[in-house]
Engineer: 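Starting off with a structure, shown below.
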2 protein chains.
Amino acid sequence: MEKDEKKITIKDVARLAGLSKGTVDRVVHNRGEVSEESKRRVLEVIQQIGYKPNIYASLLASKKHYTLLCLIPKFCPGEYWELVYTGIGRAVERARNYNIGIDVISYDQFDRESFRRAARELLDRNPQAVLLAPIYRNDTLALTAELTSRNVPYVYIDSRLEGSGYLAYFGMPMYQSGYLAASLLTEQPDIREIANFRIDRGGAQPQDNPTLRRREGFMAYLKENFPEYRVYEDFIKPYDPEYNLRVLDSFFERHPDIRHIVTFNSRVHLISEYLEKRALKDRFVVGFDKLAGNLEGVRKGYIKFLITQRTETQVYRGITAIIEHMVFHTTPAEQDNFMSMDILTKYNVDYYSDIYEF
Amino acid sequence: MEKDEKKITIKDVARLAGLSKGTVDRVVHNRGEVSEESKRRVLEVIQQIGYKPNIYASLLASKKHYTLLCLIPKFCPGEYWELVYTGIGRAVERARNYNIGIDVISYDQFDRESFRRAARELLDRNPQAVLLAPIYRNDTLALTAELTSRNVPYVYIDSRLEGSGYLAYFGMPMYQSGYLAASLLTEQPDIREIANFRIDRGGAQPQDNPTLRRREGFMAYLKENFPEYRVYEDFIKPYDPEYNLRVLDSFFERHPDIRHIVTFNSRVHLISEYLEKRALKDRFVVGFDKLAGNLEGVRKGYIKFLITQRTETQVYRGITAIIEHMVFHTTPAEQDNFMSMDILTKYNVDYYSDIYEF
DNA sequence: AAAAAAATCGTGCACGTGCACGATTTACAA
DNA sequence: TTGTAAATCGTGCACGTGCACGATTTTTTT
């Protein structure tokens, strides 16, 4: 638990290699202008005595400044992507310590052209690293191909595309989270029917909607364990309370016995708000994501289980991976990093907090 | 999301205050030998232009070396305190970056004299900061009083004692965690009887056992919501499998209808191992703490809900608080920090990980 | 008032690295 | 051989802070 290594500096390496610190520095940073013979000697000595550059001295002396661009969807207050945005905000100060500036480029996730414009702007600004959520598959692939050819590292958050060009990925295992939701909902005995409310976007769906994977996981669990259960669907709208009122009233009129409800998108608070309005306290609701409205629904008891991921931590770790790659030239231990699925109830929600300052 | 502050150095402050950087440095570090008038001017300028010392330059120039001592119980592999120990291990490297060495002093938590000896050794070694778990109340108070008089900052983990001398506390809300356990266990309908297995230490209890608070929370929830439920207790031993087999067999012979089980200590794996041995798959078990054996019980389905805290993170944050206090002279935003209570089930346990490298 | 002591302050080197610049050596052509 | 270009390498300053040391000013003592 304790090592008191004497400090080994570049001067020690230089002395032992019979060269100057300038040459050692050139070797360490691959700046060329060094003979093969010298390079060999230097590397040998470094290996021998375990020289590690002093970050502080390095950062102090370096005048380099990097730019990290984040490509994420626009959002209204209280929406999922706001969490990502605040996660980025938390990382800004840390990044600045390493002479890395962070900027956000946002787009309308329901408008492909908007994504393309944003991608073009991103490339124009010549970032040294990129953090992105791959909403449109083909356009993202085009973008990452260009990044790869420019040798610009990029990190996926939220979801990822196949291929191995990315530095790292941080996200939630969507399929498993649906599976988990089903297992929690079916703890209760004697369920026959389940309601599932989805979001009606009027046809404007982004590609590869990750919530669909969640749904698959949910359905898979049911099929494996309770094949006799039936799931009834209906559609509500994110910003039309009166419409939702009518839809939900009508739904529960047609299905008066349904007590179990699940949503796969992040808007379960639309349900809990409805239940509160109608004073329906006997419903068993499972939903996702740490939106303020959802947490409120949990606190008031209208949402039984809320499954969340630590979105801010996710983003923070993504940016950390980039920082370490740029400053220390390290590669993350894992390329794919799945965040834990946290279960919130009325009795632990008040103690839940996402990121901590480090 | 972006601020391009020009770098403000101590020289700027000196210039604007009409003094030398030496004087400014004396003010910044409260090293005295500065006239009131100069001090005022310097502080005013600092406030005005928002000067922040450059950590890198500071760390580079400083020759100081600190020692942080951790006072925690000894443990056998797989026990709770091992988690604390690994948390400390994670922080060692980070601390070294700030010229802080970390050492552990351990004691037998069931032997008060051992605690006293450890406390004495700690004081003898003259640490600059301390992280401790306050197992014996009075002896801890004596220790912390001495630390306070020596002006040595200390951080509580696991539990804390009243008084405000500590720099920070990181732990789990024990009472609430018991409350939570009760709420999860009673999700099931038609329960009448609950089994609670406690650890028989043969009278060797440390003082202020935090698991008792957990039990209080559990009982409180029952009383408030299901006053008719009855809880039956029995005692098992941490390292005596045959004994436990007899006790548990006998218990379930006497109470064949009890399906719901809770433990408040960290050894719920003793229960799940018993259930596995007897192939009892219809029991509903709720327990605590992220021990490897407990996680295995969750995976195999013998433990329905395992309530955990992020112990490694807890310790890591405790040490971080100390580092920031010593290096940046900051005080933690919150003195009392309660960690989230995580709920693990068969379907999210494999994605659960505690600390991340930062 | 002069001397001594105390208070206050400025100067300059050190920390380990990055990198520009120029010095030196080597390679190659004339 | 000599000259020139290229390759290789060393020197020295800069980064911003900590702190020792000594210089200067103010206060106290005799």
Side-chain angles (χ1 to χ4, degrees), chain A residues 5-46 49-66 96-100 128 326-329, chain B residues 5-46 49-66 96-100 128 326-329:
Chain A
E5 321 165 352
K6 301 286 163 215
K7 317 210 166 184
I8 299 170
T9 77
I10 199 171
K11 244 192 268 180
D12 298 318
V13 177
R15 187 169 36 78
L16 291 173
L19 290 161
S20 77
K21 78 190 177 73
T23 303
V24 175
D25 187 74
R26 274 183 284 264
V27 172
V28 169
H29 294 90
N30 274 316
R31 285 199 274 119
E33 309 201 3
V34 180
S35 69
E36 280 306 317
E37 166 64 9
S38 299
K39 186 170 176 179
R40 198 189 51 69
R41 283 223 305 276
V42 168
L43 290 176
E44 192 176 294
V45 171
I46 287 178
I49 65 179
Y51 164 72
K52 287 259 156 50
N54 180 315
I55 318 165
Y56 304 131
S58 173
L59 250 6
L60 181 62
S62 172
K63 292 175 185 5
K64 283 212 191 83
H65 194 273
Y66 302 104
R96 196 171 42 216
N97 283 340
Y98 296 96
N99 295 327
I100 298 176
Q128 277 78 50
M326 298 178 78
V327 179
F328 309 104
H329 306 101
Chain B
E5 320 165 355
K6 300 288 163 210
K7 317 211 166 183
I8 299 170
T9 77
I10 199 171
K11 244 191 270 178
D12 299 317
V13 177
R15 187 168 37 76
L16 292 173
L19 291 161
S20 76
K21 77 188 179 72
T23 303
V24 175
D25 187 74
R26 274 182 285 263
V27 172
V28 170
H29 294 91
N30 274 316
R31 282 198 276 120
E33 307 201 4
V34 181
S35 70
E36 281 305 320
E37 165 64 10
S38 298
K39 187 170 176 179
R40 199 187 51 69
R41 285 225 303 277
V42 167
L43 290 176
E44 191 176 294
V45 171
I46 286 178
I49 66 179
Y51 165 72
K52 287 260 154 54
N54 181 315
I55 319 163
Y56 304 130
S58 172
L59 251 5
L60 181 60
S62 172
K63 292 177 183 8
K64 285 212 190 82
H65 193 273
Y66 302 104
R96 196 171 42 217
N97 284 340
Y98 296 97
N99 295 327
I100 297 176
Q128 278 77 47
M326 300 178 77
V327 178
F328 308 104
H329 307 100

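Below, chains carry the letters A, B, ... as their sequence lines are ordered, and counting in each starts from 1. Note that the structure is a prediction, hence the values are computed from the model and not measured.
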Engineer: Give me the residues of residues 22-35 of chain B where at least one heavy atom lies under 4.0 Å from an atom of DNA chain C, by number, or none.
Structural biologist: B/Gly22, B/Thr23, B/Arg26, B/Glu33, B/Val34, B/Ser35

Engineer: For B/Gly50 and B/Ile8, which heavy atoms make the closest approach, and how far apart are they?
Structural biologist: O-CD1, 4.2 Å

Engineer: Could B/Arg40 and B/Glu37 be called an ion pair, given the rule that one side-chain N must be under 4.0 Å from one carboxylate O?
Structural biologist: yes

Engineer: Could you check if a side-chain atom of A/Val28 sits within less than 4.5 angstrom of a side-chain atom of A/Ile46, using non-hydrogen atoms only?
Structural biologist: yes

Engineer: May I ask you to test the B/Val24-B/Arg15 pair for a side-chain heavy-atom distance under 4.5 Å?
Structural biologist: no

Engineer: Between B/Asn54 and B/Thr9, is any pair of side-chain heavy atoms under 4.5 Å apart?
Structural biologist: no

Engineer: Looking at side-chain heavy atoms only, is the closest gap between B/Asn97 and A/Tyr56 below 4.5 Å?
Structural biologist: yes

Engineer: For B/Leu59, report the nucleic acid contact type (base, sugar-phosphate, nothing); a contact means any heavy atom under 4.0 Å.
Structural biologist: nothing

Engineer: Please find the pair of heavy atoms, one from B/Asp12 and one from B/Lys7, that lie closest to each other, and give the distance.
Structural biologist: OD2-O, 3.8 Å

Engineer: Take A/Lys64 and A/Tyr56, find for each the nucleotide of DNA chain C with the closest heavy atom, and name the residue whose nucleotide sits nearer the 5' end.
Structural biologist: A/Tyr56

Engineer: Provide the start and end nucleotides, 5' to 3', of the part of DNA chain D that has atoms under 4.0 Å from heavy atoms of chain A.
Structural biologist: D/dT8 to D/dG16

Engineer: Which residue lies toward the 5' end of DNA chain C, A/Lys11 or B/Glu36, if each is placed at its nearest nucleotide?
Structural biologist: B/Glu36

Engineer: 5'-most contact on DNA chain D: B/Lys21 or A/Lys21, nearest heavy atom basis?
Structural biologist: A/Lys21

Engineer: Decide yes or no for A/Lys39 and A/Val34: does some side-chain heavy atom of the first lie under 4.5 Å from some side-chain heavy atom of the second?
Structural biologist: yes

